[in-house]
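Worksheet: one structure, shown below.
Each chain gets a letter, A, B and so on, in the order the sequences are listed, and its residues count up from 1.
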Amino acid sequence: MDFLEGLNSRQREAVTHREGPLLILAGAGSGKTRVITHRIAHLIRAQQVPAPGILAVTFTNKAAEEMRHRVAQLLGEPLSSGGPIVTTFHSFCVRLLRRDGKSLSDLRPAFTPQFTIYDEDDQLALVKSVYRQRGWDESQVQYRIALSRISHAKNLKQTPEDLEKAPDPKTKLIANVFRDYEARLREANALDFDDLLLQAVRLLEYNEQVREAYNHRFRFMMVDEYQDTNRSQYELMRLLTGRRSNIVVVGDEDQSIYSWRGADIRNILDFEKDFPDAKVIRLEQNYRSTRTILEAASAVVAHNRDRKGKWLWTEGGEGSPAVIYRAPDAENEALFIAHTIEKILRADPQDRVAVLYRTNAQSRRIEEALRRYGRKYVVVGGFSFYQRAEVKDILAYLKLVRSLDDSISLMRIINVPARGIGKTTLDQIERFAFAHHLSLWSALERLIDSGQLLARAEAALRAFRELIHRLRSLFHDLPLPRALRALMLETGYKAMLEADSTPQGEARRENLDELLSAAAEAAMRGETLADFLDHAALSSETDALDAGVAVSLLTAHNAKGLEFPIVFLAGLEEGLFPHSRSKNSEAMLEEERRLFYVGMTRAQKRLYMTWAKSRRRYGSDSDEATKRSRFLEEIPRELVEDFSEAEDASGLDLSAERHEVREAVRRHRYTGTAQNSLENISRFFEERGLPPLKTGPWAPGRAAASAPSRAPSEAAAAGTGSFGRPATGGGAAPARFRSRKLAGMRPGVTVAHPKYGSGLVLRMEGTGEEAKLTISFPGHGLKKIVAKYAEIKIEE
DNA sequence: AGCGGTGTCATTTTT
DNA sequence: TGACACCGCT
């Protein structure tokens, strides 16, 4: 296969570039991913570079997965363990630290490669605990402020002592929190997200042997979305490439939108200073948008001063003017969007639409409007599966089982479900732990035998201690999924949820089923408990766009890297977009403008931009007058069609519309779904275990993964087996298995299915032939199957 | 120990 | 609107 075919001359130049540093300034829609993937394939096939010597790093799992998939396609074979490494910064660092991090204990006493990962919830809980320890409350410094300052400091490699030197008193206070926070992380042998990068950097700096080994191995490195790298990522990159500097970075300074998270736009702006012999290639031909959209977006971003400057061009057509719509209020704005989408999709049901907004809170009104029209939509982003309370609770048990000193996890579940260990007792344990610099677990053990506790509290704590010991032996003796199932029973967690008959309770039980399913799949691929927890910590699940649903709702941030034929940008008002928080500095305003630019350039054919003359903020009772976003003024007049409700070009009379809309509500039921995560979980394990390829046994799994995601109960209600496909894969079941009664069928047994292979029974509703089984098949997800119709048999 | 009432405060969030 | 901290009652 010729990997240069179909590429323009600049893309070819980038793909065939061999040694030395290269900066690819890749404008929106200029074929960036194409260049990276073709380059990887070209290095391997045409230049005979050993595949494992190639490292490509991205920011998101989604991007990494996409790249792996495309490289595999180009190579015509799955990426095996001997293939190029395509991964995220954080995953890479976790693997590095787990495999080669032992010597970090020289720098960080008590560190072991079995460290726990603390996510944002855990970090917040830790900061709260530090406040309690100091007897502080939020009145001086808010938790979130402290956390973000700590994170920022870590990204800049600053220590608490560095912050201490700052002149302002607030920073001094934060320095104290920072110091305690760090001490407590060490005590728990835990690393937060920033640490994953930072400690990897420190290890590579400190341990020459490890560094040399990695330098030796990775001869070619590529970094995607370079404009969003932070200091640690930059240093990591330099340490990994070593003197060789065979580094290719790809980015677009105009799409740098994560400075508030530590991304340093200087990294890309100064690349040529960092690497004086760097070659620069600009990809300015856009293959995505119409000329109108491109010119409008370019005109806006040209208002930024802090940029390298480029001008995108296209050979594509002029396209329609962008539409600006002024709504009287936010409700009307939402109805306009829904109505227009309806017209578009009626004309062409194959079209795809995205509605982008600045803040998540804006989605609610738009969702309501879409629901009124009975239009299916997907909200991308928001809560991930692994962030749900019930899932996090169970994971906290798991983390505690692995590491008793993980005090944050212990705190989370010690009284969930309620087992008589209340605030007073907890305070007592915590104070004891603070006083003696112990983890909560050690404090608890000592207190139990000290006789200082009330009899009732002591008994409760003893029972808890026993419980955790029992769980530990469970995980020692049983395979992961069984141990997990037993954990849910033993802890009483399952019983607690079963007592909850609300729809939420039902949903939570289903989430735990999904968790079991994920564990079953992990186990069948030989993953350990540690792998399972790493994945849970590192995945955000804003991934996988649902190809089956025509309308996606997402923040402008989440839209980066995506494209849609039709894009709506909503809420374009001063204070909202640009956001009021950004008004203080020019730099922040420029970032808002880049975000706006990112939004505009997502559109392929049509771009609609809407704003409301008045909008109610939060729950206040009255609408406030708004001002139209300055960004709209920055678009050349001749490229837009600007109208308001009064002169509505679409002929939309929204007051009359309301009647029709109410009718529609009656006809349609709720069709929206939040981004569900089961398929993402499957994908993850798929990608780690067997390769996602268009042929082979995984094809059905892929197909299922891209089908509309739906909650299992909903899928069942809709009459299909699960996730949009008939579960039994072919109607009437032969009688072959019918006689062999399903004796012994119960949750926990493994069954064989002719199509899906072996799977684990998670749930059984009803008895005998009529029983409905929820079975997890690795690679195929959860299936709901009626026992008598399916050709399943129990495996030994 | 655990519930419910009241007051306060609101970005974005790849991992 | 809704997430939360805090407080007082049982």
Which nucleotide, B:dT11, B:dT14, C:dT1, lies nearest any side-chain atom of A:Arg364?
C:dT1
Rounded off to whole Å, could you give me the NE2-to-C1' distance for the A:His90 and B:dT13 pair?
12 Å
Heavy atoms only, 4.0 Å cut-off, all strands: where does A:Thr58 land among base, sugar-phosphate and nothing?
nothing
Among B:dT12, B:dT13, C:dC6, the nucleotide that comes nearest once only the side chain of A:Thr359 is considered:
B:dT12
Gap between atoms CZ and C1', on A:Phe577 and B:dT11 respectively (whole Å)
11 Å
Of the nucleotides B:dT14, B:dT12, B:dA10, which one has an atom closest to the side chain of A:Thr60?
B:dT14
Hey, is A:Lys392 close enough to A:Asp122 for a salt bridge, meaning N to O under 4.0 Å?
yes
CD of A:Glu66 versus P of B:dT14: gap in Å, rounded?
18 Å
Nearest whole angstrom, please: distance from the C1' of C:dT1 to the CG of A:Asn360.
14 Å
Among C:dC6, B:dA10, B:dT13, which nucleotide sits nearest the side chain of A:His557?
B:dT13
Side chains of residues 415-424 of chain A: which donor-acceptor partners sit under 3.5 Å, not counting sequence neighbours?
{"unit_1": "A:Asn415", "atom_1": "OD1", "unit_2": "A:Arg419", "atom_2": "N", "d": "2.6"}
{"unit_1": "A:Asn415", "atom_1": "OD1", "unit_2": "A:Gly420", "atom_2": "N", "d": "3.3"}
{"unit_1": "A:Asn415", "atom_1": "OD1", "unit_2": "A:Ile421", "atom_2": "N", "d": "3.2"}
{"unit_1": "A:Asn415", "atom_1": "ND2", "unit_2": "A:Ile421", "atom_2": "O", "d": "3.1"}
{"unit_1": "A:Arg419", "atom_1": "NH1", "unit_2": "A:Tyr397", "atom_2": "OH", "d": "3.2"}
{"unit_1": "A:Arg419", "atom_1": "NH1", "unit_2": "A:Ile413", "atom_2": "O", "d": "3.0"}
{"unit_1": "A:Arg419", "atom_1": "NH1", "unit_2": "A:Ile414", "atom_2": "O", "d": "2.9"}
{"unit_1": "A:Arg419", "atom_1": "NH2", "unit_2": "A:Tyr397", "atom_2": "OH", "d": "2.8"}
{"unit_1": "A:Arg419", "atom_1": "NH2", "unit_2": "A:Thr491", "atom_2": "O", "d": "3.3"}
{"unit_1": "A:Lys423", "atom_1": "NZ", "unit_2": "A:Asp427", "atom_2": "OD2", "d": "3.4"}

What do you reckon, do A:Trp260 and the base of B:dT13 stack, with centroid distance below 5.5 Å and planes below 30°?
no
Distance flag, aromatic centroids of A:His303 and A:Phe631, threshold under 6.0 Å:
no
Contact class for A:Ala418 vs. all strands (heavy atom < 4.0 Å): base, sugar-phosphate, or nothing?
sugar-phosphate
A:Phe59/A:His90 aromatic ring centres below 6.0 Å:
no
Can you give me the dot-bracket string for DNA chain C, 5' to 3', counting Watson-Crick and G-U wobble pairs with both distances under 3.5 Å, using [ ] for crossing pairs and | for partners on another strand?
||||||||||
If you find the nucleotide of DNA chain B closest to A:Asp194 and the one closest to A:Ala361, which residue's nucleotide is nearer the 5' end?
A:Ala361
Checking B:dT12, B:dG2, C:dA5 against the side chain of A:Lys128 (C-beta onward), the nearest is C:dA5
Flag if over 12 foreign heavy atoms under 6.0 Å of CZ, A:Arg462
yes
Just call it for A:Glu120: base, sugar-phosphate, or nothing, with non-hydrogen atoms closer than 4.0 Å on any strand.
base
What is the distance, rounded to the nearest whole Å, between atom CZ of A:Arg365 and atom P of C:dT1?
10 Å
Check the surroundings of atom CZ in A:Arg132: do more than 12 heavy atoms from other residues, nucleotides or ligands lie under 6.0 Å from it?
yes
Please report, rounded to the nearest Å, how far the P atom of C:dA5 is from the CH2 atom of A:Trp136.
18 Å
At under 4.0 Å between heavy atoms, what does A:Phe89 touch on the DNA or RNA strands: base, sugar-phosphate, or nothing?
nothing
Looking at B:dT13, I'd like to know if its phosphate oxygens (OP1 or OP2) sit under 4.0 Å from a side-chain N or O belonging to A:Thr555.
yes
Could you tell me whether A:Ser580 contacts a base, only the sugar-phosphate backbone, or nothing, with contacts defined as non-hydrogen atoms closer than 4.0 Å?
nothing
Check if the side chain of A:Arg261 and the base of B:dT13 share a donor-acceptor pair of N or O atoms closer than 3.5 Å.
yes
In whole Å, what is the span from the CG atom of A:Leu538 to the C1' atom of B:dT13?
15 Å
Look at the side chain of A:Arg358 against the base of B:dT12 and say whether a donor-acceptor pair falls under 3.5 Å; ignore hydrogens and angles.
yes
Output field: ring centroids A:Trp260/A:His579 closer than 6.0 Å:
no
Is the base of B:dT11 syn or anti, where syn means the angle lies within 90° of 0?
syn
Please tell me which of A:Gly420 and A:Arg581 maps to the more 5' nucleotide of DNA chain B, matching each residue to the nucleotide holding its nearest heavy atom.
A:Gly420
Could you tell me if A:Arg98 sits above the aromatic ring of A:Phe115, with its cationic atom closer than 6.0 Å to the ring centre and no more than 45 degrees from the axis?
yes
Tell me every residue that passes ring-ring contact (aromatic ring centres under 6.0 Å, His included) with A:Phe432, counting only those two or more places apart in sequence or in another chain.
A:His436
Taking 4.0 Å as the cut-off, does a side-chain nitrogen or oxygen of A:Asn61 come that near to OP1 or OP2 on B:dT14?
no
Report the distance from atom OH of A:Tyr143 to atom P of B:dA10, rounded to the nearest whole Å.
15 Å
Does B:dG2 have OP1 or OP2 under 4.0 Å away from a side-chain N or O of A:Asn415?
yes
